[in-house]
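Contents: one structure, followed by commentary.
Sequential numbering from 1 along the given sequence is applied to the chain's residues.
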Amino acid sequence: MIGGNESCSAGPIPMSYLTCLTYILGEWTGVEHIEDYLSYAVYLLWVLFPLAVVFLLPGVLVILLYTSILFLHIYKRKNELREAYSNDFWDGAKQMLATLWDGHGRVWHGYELHGAENIPEGPGLIVFYHGATPADYVYFTARLLIQRKRYCHVVADHFVFRLPG
């Protein structure tokens, strides 16, 4: 076994860093041919990576939803006095959350908004399809708030109001 002040290249045959680590791990655990087990672990990681990504992306979305809600509660508690004297109390929080969700939509999903200049100045009706979660609506309203400084209200199915948070 390699001592505390020895290195893998100190011996007569210099080793690569990965070979040195497998040698040290094999000596420490006492398992012979540990590189076979490590190659199997790398294979499993390669096979299960798409499954991990499938669960990771929705998990990030849920974490971001709850982070937004937590931010709004903190924002309200910190600014309770200002609410009585100001009409634009929530503007700072809306802009911050719009920037957060717009960044998430651009980075994770490549979300873009085209044709926002065609939305009329008065009331309008925008009909769109969304999947299992209303994330695209959140991305749309965030981008619309950033680009046009306009709010969009939604009429939704009962399912949306049953989502936690």
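- I119 is connected to Y111 through a chain of hydrophobic side-chain contacts under 4.5 Å among Ile, Leu, Val, Met, Phe, Trp and Tyr, so both are in one cluster.
- Of all heavy-atom pairs spanning L64 and L100, the tightest one is CD1-CD2, 3.8 Å.
- In terms of heavy-atom proximity, A98 sits nearest to A142 at O-CB, 3.4 Å.
- Cluster annotation: L70 is not connected to Y66 through the hydrophobic network of ILVMFWY side chains, with a link wherever side-chain heavy atoms come within less than 4.5 Å.
- Looking at heavy atoms from C-beta onward, Y151 lies in side-chain contact with L145 at the 4.5 angstrom threshold.
- Side-chain atoms of F71 and T67, non-hydrogen and from C-beta on, never get closer than 4.5 Å to each other.
- Under the 6.0 Å cut-off for aromatic ring centres, H104 and Y139 qualify, their centroids lying closer than that.
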_Intermediate values then yes/no, side-chain contact (heavy atoms from CB on, under 4.5 Å), R143 and R148_ = CA-CA 8 Å; R143 193 74 203 141; R148 305 279 303 210; over 6 Å; no
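- Of the options V138, T141, I146, a side-chain contact (heavy atoms from CB on, under 4.5 Å) to W101 is made by V138 and by none of the others.
- Heavy atoms from other residues, nucleotides or ligands lying under 6.0 Å from CZ of F49 number 12 at most.
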